[in-house]
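Just so it is clear: chains get the letters A, B, ... in the order the sequence lines come, proteins before strands, and each one is counted from 1. Computed over heavy atoms, backbone and side chain alike; hydrogens, waters and symmetry mates excluded.
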Amino acid sequence: MEIKNVRVRFAPSPTGALHIGGMRTALYNYLFARKTGGTFILRIEDTDQLRYVPGAESYILESLQWAGLLPDEGPGFGGGAYGPYRQSERKDIYQRYAQELIRSGHAYYAFDTPEMLEACRQETQEKGESAFKYDSQTRLKMSNSLTLPEEEVQARIERGDPWAIRLKVPSGEIIEVDDLVRGIVHFQSNELDDKVILKSDGMPTYHLANIVDDHLMEITHVIRGEEWLPSTAHHVLLYRAFGWEMPRFSHLPLILKPSGQGKLSKRDGVQLGIPVFPLSWKGDTPEDSFTGFREAGFLPNAVINFLALLGWNPGTDQELFTLDELVEAFTIEKIGKSGSRFDYDKAKWFNQQYIMATSDETLAGLVRPMVEAQGYHPRESFLQAFCGMMKERVVVLSDFWDTGRYFFEDLVVFDEKTIAKKWDTGNKTLFEGMISRLEALESFDPETVHQAMEAYMQEKNLKPGDVFPILRIALIGTMKGPGVAEMLSLFGPAELRRRLERAFGLFDALVSQ
RNA sequence: GGUCCGUUCGUCUAGGGGUUAGGACGUAUCCCUUUCACGGAUAAAACACGGGUUCGAUUCCCGUACGGACUGCCA
């Protein structure tokens, strides 16, 4: 057999925001392409002008960019020999091939309007029969170029009557699909309906467009969602009708709702308050607007890592992967067959792991806009040190501000219970003595600060429990947070005196109430 | 309803004719510790059911149940 270069495509429809499941499909295609030294192609399937949503295509591009899954070919990415990559720009190509199918007897004109078909469906449903299907059993009762005389067909077409082209599914055949994930799947052609392949508006349906493009673009492997498995039989028929070689198919398991049943939908995101899209999307209505993983404070590598392991695993205990490591480990054979539930807790865990592994400098760059949006402009060294001591205490990027805001602003609320229990106005002079001692320090690194405190505490016969909780709350208002010496070091002598004196005043007021 | 796909701890999953059925998230407890986290340790927790095949099935086959996808001139 001829060995061809692998060419795979990610073919989303620009009907809205790109779902996280689509993101995973893109990822697996990307990984397979990189692993095999092949080509990763982006194709925009915009043959449905009714469902077309402006901005969706750029959303898809931005999502892929954010995730680091850049196509080798696609709209705006070159690869001229195979373009264009938007199906709406390939209309005439599909029409040519549809005509070829008519000539070879594999397809026919159908004049039945959507309204008439709807009536047929209604009727069978009311009679309690199984759903109406336009197939080898019923097509001779409908109005099409199989039942109408040749002259009538011509007359209708010339008159401008609307028509569509349907695939003429042969009867009595067994169709075999050899799926790389699922093995061999059989279909009886008698069960298949005569799918519309060219719509009355002159656009192809997915079925035709997908086969023609995959052939013309020399796609070798089709990796797509499981929802396509049932129509793959039609696709096989199309390849046969054209006499074209088929790509290999791999149908990916679905991503399921976090709880309950069914596949993950955008509704789950808003209902549970969790992101199910890579980036935020602003639709026409609040119900059609979503927060993305990026805006929820996730790092792209964490999302990629999480997604990669949802339905695939390398067969080892490794959980953390760089993109390059994923490429190295990825094989289609290791893709699972059953649907995977979307586990947001696991996603957060991945994010935390990635944040901890990110340098303070990089983190500061990500956190700065959030802090500045609040009106604070910390020194870079301060911000970096802040990120360094907070990064193992946050899960998403926004936590840096949410749980660390009191490093920038003066506290207005503090852990009153602990203060009521621990604060003794009479001890204030002891703390003031400690402040003076610290101010006299030549070096202000955490280690020196800590030693000075220990020495002072020993001198004055103070216990850690009498000192640390009070300082901690006086500094940032809460019992949660980095080590006290670290924080003192971060603030430096002047700011530490300011914060402590202000807080002690607050404590006095509280206790005297 | 019909067609197709699937089923190992709560979740993501490894494994595969003979295993104490392994790991991770989450949960609980403990250790580390000035707090919180991080890190470490321990624990509870799974082969849907019924028939075969076999000396032996969680693993192979067939049913059943359950779940899912598809069933548009949507993709």
Inset, instruction - Whole angstrom is fine here: how far is it from CZ in A:Phe306 over to C1' in B:rU11? - result: 10 Å

Inset, instruction - Identify whether the distance between the nearest side-chain nitrogen and carboxylate oxygen of A:Glu100 and A:Arg96 falls below 4.0 Å. - result: no

Inset, instruction - Quick one: label A:Phe187 by what it contacts on the DNA or RNA (base, sugar-phosphate, nothing), any heavy atom closer than 4.0 Å. - result: sugar-phosphate

Inset, instruction - Name the nucleic acid region contacted by A:Pro258, choosing base, sugar-phosphate or nothing; use a 4.0 angstrom heavy-atom cut-off, strictly under. - result: nothing

Inset, instruction - Check whether any side-chain nitrogen or oxygen of A:Gln352 sits under 4.0 Å from OP1 or OP2 of B:rC38, and answer yes or no. - result: yes

Inset, instruction - Can you sort out which residues in residues 343-351 of chain A have a heavy atom within less than 4.0 Å of RNA chain B? Ascending by number, please. - result: A:Asp343, A:Asp345, A:Lys346, A:Trp349

Inset, instruction - Keeping to residues at least two apart or across chains, list the side-chain hydrogen bond (donor to acceptor under 3.5 Å, both in side chains) pairs with something in residues 227-241 of chain A. - result: A:Glu173-A:Arg240, A:Asp193-A:His234, A:His207-A:His235, A:Arg224-A:Thr232, A:Arg224-A:His235, A:Thr232-A:His251

Legend entry - Distance in angstrom units between A:Asn190 CG and B:rC4 P, rounded: 12 Å

Legend entry - Which residues share a side chain to side chain contact (heavy atoms under 4.5 Å, CB included) with A:Glu118, sequence neighbours left out: A:Arg121, A:Gln122

Legend entry - Nucleotide B:rG39, atom C1' - distance to CZ of A:Arg393 in whole Å: 12 Å

Inset, instruction - Would you indicate what A:His186 reaches in the nucleic acid, counting non-hydrogen atoms under 4.0 angstrom: base, sugar-phosphate, or nothing? - result: sugar-phosphate

Legend entry - side chain to side chain contact (heavy atoms under 4.5 Å, CB included) partners of A:Pro230, counting only residues at least two apart: none

Inset, instruction - Grab the CG-C1' distance between A:Asn305 and B:rU13 for me, whole Å please. - result: 14 Å

Legend entry - For B:rU29, the Watson-Crick or wobble partner whose two distances fall under 3.5 Å: B:rA41

Legend entry - Side-chain N or O of A:Asn313 closer than 4.0 Å to phosphate OP1/OP2 of B:rA14: yes

Inset, instruction - Provide the full list of salt bridge (Lys or Arg N to Asp or Glu O under 4.0 Å) pairs with a residue in residues 395-405 of chain A, sequence neighbours left out, each pair given once. - result: A:Arg405-A:Glu409

Inset, instruction - Identify, with sequence neighbours excluded, every residue that meets side chain to side chain contact (heavy atoms under 4.5 Å, CB included) alongside A:Gln451. - result: A:Glu447

Inset, instruction - Quick one: label A:Gly483 by what it contacts on the DNA or RNA (base, sugar-phosphate, nothing), any heavy atom closer than 4.0 Å. - result: base

Inset, instruction - Starting from C1' on B:rU13, measure out to CD on A:Gln318 and report it in whole angstrom. - result: 15 Å

Inset, instruction - Taking atom types as modelled, find out whether A:Tyr94 and A:Asp213 have a side-chain donor-acceptor pair closer than 3.5 angstrom. - result: yes

Inset, instruction - Assign A:Met356 to base, sugar-phosphate, or nothing according to its heavy-atom contacts below 4.0 angstrom with the strands shown. - result: sugar-phosphate

Legend entry - Residues within residues 446-460 of chain A bordering RNA chain B, heavy-atom distance below 4.0 Å: none

Legend entry - A:Arg86: partners by side chain to side chain contact (heavy atoms under 4.5 Å, CB included), with sequence neighbours left out: A:Ile44, A:Asp46, A:Glu57, A:Pro75, A:Ser88, A:Glu89

Inset, instruction - Using the P atom on both, measure B:rG22 against B:rA45 and round to a whole Å. - result: 12 Å

Inset, instruction - Send over the distance from A:Lys257 NZ to B:rG67 C1', rounded to a whole Å. - result: 14 Å

Legend entry - Pairs involving residues 335-357 of chain A, ordered by first then second residue, that meet side-chain hydrogen bond (donor to acceptor under 3.5 Å, both in side chains) (sequence neighbours left out): A:Asn305-A:Tyr354

Legend entry - Base partner of B:rA14, which must satisfy Watson-Crick or wobble distances under 3.5 Å: none

Legend entry - Along RNA chain B (nearest heavy atom to each residue), the more 5'-positioned of A:Gly481 and A:Glu319: A:Glu319

Inset, instruction - Provide, to the nearest angstrom, the distance between the CG atom belonging to A:Leu488 and the C1' atom belonging to B:rU34. - result: 12 Å

Inset, instruction - Could you check whether A:Val484 gets within reach of a base, just the sugar-phosphate, or nothing at all, counting any heavy atom under 4.0 Å? - result: base

Inset, instruction - Would you kindly give the NZ-to-P distance between A:Lys337 and B:rU13, to the nearest whole Å? - result: 13 Å

Legend entry - Identified pairing partner of B:rC70, criterion: Watson-Crick or G-U wobble below 3.5 Å: B:rG2

Legend entry - Pairwise salt bridge (Lys or Arg N to Asp or Glu O under 4.0 Å) hits with a residue in residues 247-260 of chain A, at least two apart: A:Asp178-A:Arg248, A:Lys257-A:Asp268

Legend entry - B:rU54 pairs with, by Watson-Crick or G-U criteria that keep both distances under 3.5 Å: none

Inset, instruction - Start with the C-alpha distance between A:Asp214 and A:Arg43, add both sets of side-chain angles, then the distance that settles salt bridge (charged side-chain N to carboxylate O under 4.0 Å, His left out), and finish with yes or no. - result: CA-CA 10 Å; A:Asp214 284 349; A:Arg43 187 170 72 217; 2.8 Å; yes

Inset, instruction - Please figure out whether A:Lys334 or A:Pro469 has its closest RNA chain B nucleotide nearer the 5' end. - result: A:Lys334

Legend entry - Nearest-angstrom distance, P atom, B:rU64 to B:rC12: 26 Å

Legend entry - Heavy-atom check, side chain of A:Val53 versus side chain of A:Tyr59, under 4.5 Å: no

Legend entry - side-chain hydrogen bond (donor to acceptor under 3.5 Å, both in side chains) partners of A:Ser171, counting only residues at least two apart: none

Inset, instruction - Might you confirm whether atom NZ of A:Lys391 has over 12 heavy atoms from other residues, nucleotides or ligands at distances under 6.0 Å? - result: yes

Inset, instruction - Indicate for each nucleotide in nucleotides 68-75 of chain B, in 5' to 3' sequence, whether protein heavy atoms under 4.0 Å reach the base (B), only the sugar-phosphate (S), or nothing (-). - result: SSS-SBBB

Inset, instruction - Could you check which nucleotide pairs with B:rC9 in any of the strands shown, counting Watson-Crick or G-U wobble with both distances under 3.5 Å? - result: none

Legend entry - Polar side-chain contact A:Arg472-B:rU34 base: donor and acceptor under 3.5 Å: yes

Inset, instruction - With a 3.5 angstrom cut-off on both distances, give the Watson-Crick or G-U wobble partner of B:rU35, or none if there isn't one. - result: none

Legend entry - Rounded distance in Å between the C1' positions of B:rC62 and B:rC25: 37 Å

Inset, instruction - Take atom C1' in B:rU19 and the same atom in B:rU27, then report the distance between them in whole Å. - result: 27 Å

